[in-house]
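Chain letters run A, B, ... following the sequence lines, proteins first and then strands; every chain starts at 1.
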Amino acid sequence: MHQYTEKIREIAKRLLESKAVDVFIGYRKGTVAMMNEPVLIREPGKVGLLHWDSHCGLNLCKYLTQRTEKIGIVANGCNSRNIVTHILENQIKREQLYIVGIPCTGVIDHRGVQRAVHPREIEEVEEEGDSFEVKGKDFRETFKKKEFLRTNCAVCSHRNPVLFDEMVAEPVEEQKEVRPYHDVESIEKMASEKKWAFFSQLISKCIRCYACRNACPLCYCPTCFVDESKPQWVGKGSDPTDTMTFHFLRAYHCAGRCTDCGACERVCPVGISMRQFTKKLNKDAEAYFGWEAGLRLEERPPLDVYRPDDYNDFVR
Amino acid sequence: LKGLLEHMGVEPGRLQFSWISSAESTKYIEVAQSVAKDVEALGPAMRLVKRRAEVG
C-alpha cells in the first residue's frame with residue numbers, strides 16, 4: 001500500500017508542477033483511524049498529504065461535477081465507473097481529467113473491525129500485505145484483510161479501473177465466481193409480507209440525515225426532491241412512510257447508474273444497509289438490459305435510449 | 001419501479017402498467033375492470049400509505 005501512496009504523490013507532484021492539472025483530488029489520512037478523507041490539492045508542495053490504503057471508502061467523483069478546471073483524480077474500479085457515468089451524463093468532460101488508476105483490493109469495513117475489538121478503542125491501523133494490525137491502548141491485534149472487506153468489495157468484479165491515463169501499479173486479478181446478488185435473491189424468495197417487514201426493519205433506524213445521498217456521486221441535482229417544498233414530494237420528519245419513500249426514490253434515481261461503490265453505507269451513522277435497494281435495481285438492469293453502469297463510454301445507459309426489444313413484460 | 005416496489009413488499013398487482021390508445025375503448029374497459037378486480041382482492045393499501053404522521 002505504501003508503494004501506491006508514493007506513486008500517487010509522485011504523479012500528483014508531476015501533474016501540478018507541469019500545470020497539466022489545476023487541482024488533484026485524492027485521499028488523505030483522517031484524524032481518526034480507518035477514516036480517510038478526500039483532499040483537493042492545488043500546490044505541488046502539498047502532495048505529501050496524499051495517501052492510499054484500504055480505508056479509502058468515500059467516492060471522490062462527488063467532487064467532479066460543475067468543475068471547469070483541469071483535474072487529476074485518483075480512481076479505483078468503482079470510482080472509475082462513476083467517472084464514466086459522469087462523462088455520459090455531461091457532468092464533466094474527459095479532456096478535463098487525468099485519471100490515476102488504482103488496482104484495488106477492496107476497502108475494509110471499519111465497523112467490522114470496531115466490532116472485532118469492541119469495546120477497546122482503535123488508535124492506529126497499520127497495513128502490511130494482505131493483513132492489517134490494529135493498535136490501541138494496551139492492545140495490538142492482527143487481522144486478515146480478506147475477512148474484513150466491505151460487503152460490496154467482497155463481491156466486486158471490477159477492481160481495476162475501466163478508464164485511466166496512468167496506473168499506479170499492475171492490474172490486480174479480478175475476483176471470479178463471486179455471487180454479487182446472493183442477498184437480493186434471498187429477499188426475492190420471500191413472501192410479500194416478509195419483504196415489507198424486512199425493508200421496514202432495515203430502515204427503522206434511519207434518522208433522515210441524508211448522509212447517504214450526500215456521499216453518493218450520483219446525487220448532484222441542484223435541489224434534491226427531499227429538499228423541495230413546492231411541491232413537497234416527501235415529508236421531512238421521521239415518519240416510516242416518508243422514510244421508506246425517501247429510500248426507495250433515492251435508490252430509483254440511481255437505477256442503471258449505481259456502481260455499488262458502497263459510499264452510502266459507509267457514511268450511514270446508524271449502519272443501514274441501503275444497498276439492498278440499489279442492488280435490486282442493479283440486478284434488474286443486468287437481467288433485463290445486460291447493463292452494468294459505467295463500463296463503457298460508447299454506450300448510452302438503458303434509461304436513456306429506446307430499443308424496440310426493450311424489456312416490456314410489465315406493460316399490458 | 002414496479003420491480004423495486006414489489007421487491008420492497010408492495011403487493012404484486014397493486015401497481016400495474018398499461019398502454020391504451022385513445023381509440024381502444026374496449027381495452028380501456030377491460031383493463032380498468034381487471035385492475036379494479038385485482039386491487040379489490042388485495043384489500044385496502046396498508047403499505048407505503050401515510051395516514052397520520054407518526055412521530056417517534
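- Near-neighbour residues of residues 4-12 of chain B relative to chain A, defined by a heavy atom under 4.5 Å from a heavy atom of that chain, comprise B:L4, B:L5, B:E6, B:H7, B:M8, B:G9, B:V10, B:E11, B:P12.
- When the shell of 6.0 Å around CD of A:Q66 is examined, it contains 12 or fewer heavy atoms from other residues, nucleotides or ligands.
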Using residues 255-267 of chain A as the side-chain source, report each donor-acceptor pair under 3.5 Å to any protein atom, sequence neighbours left out, with the distance given to one decimal.
unit_1: A:R257; atom_1: NE; unit_2: A:E89; atom_2: OE2; d: 2.7
unit_1: A:R257; atom_1: NH1; unit_2: A:H253; atom_2: O; d: 2.7
unit_1: A:R257; atom_1: NH2; unit_2: A:E89; atom_2: OE1; d: 3.0
unit_1: A:R257; atom_1: NH2; unit_2: A:L218; atom_2: O; d: 3.0
unit_1: A:T259; atom_1: OG1; unit_2: A:N82; atom_2: OD1; d: 2.8
unit_1: A:D260; atom_1: OD1; unit_2: A:R275; atom_2: NE; d: 2.5
unit_1: A:D260; atom_1: OD2; unit_2: A:R275; atom_2: NH2; d: 3.3
unit_1: A:E265; atom_1: OE1; unit_2: A:R275; atom_2: NH1; d: 3.3
unit_1: A:E265; atom_1: OE2; unit_2: A:S273; atom_2: OG; d: 2.9
unit_1: A:E265; atom_1: OE2; unit_2: A:R275; atom_2: N; d: 3.2
unit_1: A:E265; atom_1: OE2; unit_2: A:R275; atom_2: NH1; d: 3.3
unit_1: A:R266; atom_1: NH1; unit_2: A:H110; atom_2: ND1; d: 3.4
unit_1: A:R266; atom_1: NH2; unit_2: A:M34; atom_2: O; d: 2.5

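- The local environment of CZ in A:R300 is crowded, with over 12 non-hydrogen atoms from other residues, nucleotides or ligands closer than 6.0 Å.
- Residue-environment remark: NZ (A:K236) exceeds the threshold of 12 foreign heavy atoms within 6.0 Å.
- For chain B, the nearby parts of A:F277 are the backbone and the side chain; heavy atoms of each come within less than 4.5 Å.
- Within residues 24-33 of chain B, the residues having any heavy atom less than 4.5 Å from a heavy atom of chain A are, in residue-number order, B:K27, B:V31.
- Checking side-chain atoms of A:T241 against main-chain N and O of B:V49 turns up a donor-acceptor pair under 3.5 Å.
- Listed by sequence position, B:R47, B:L48 are the residues of residues 39-48 of chain B in contact with chain A, using a 4.5 angstrom heavy-atom cutoff.
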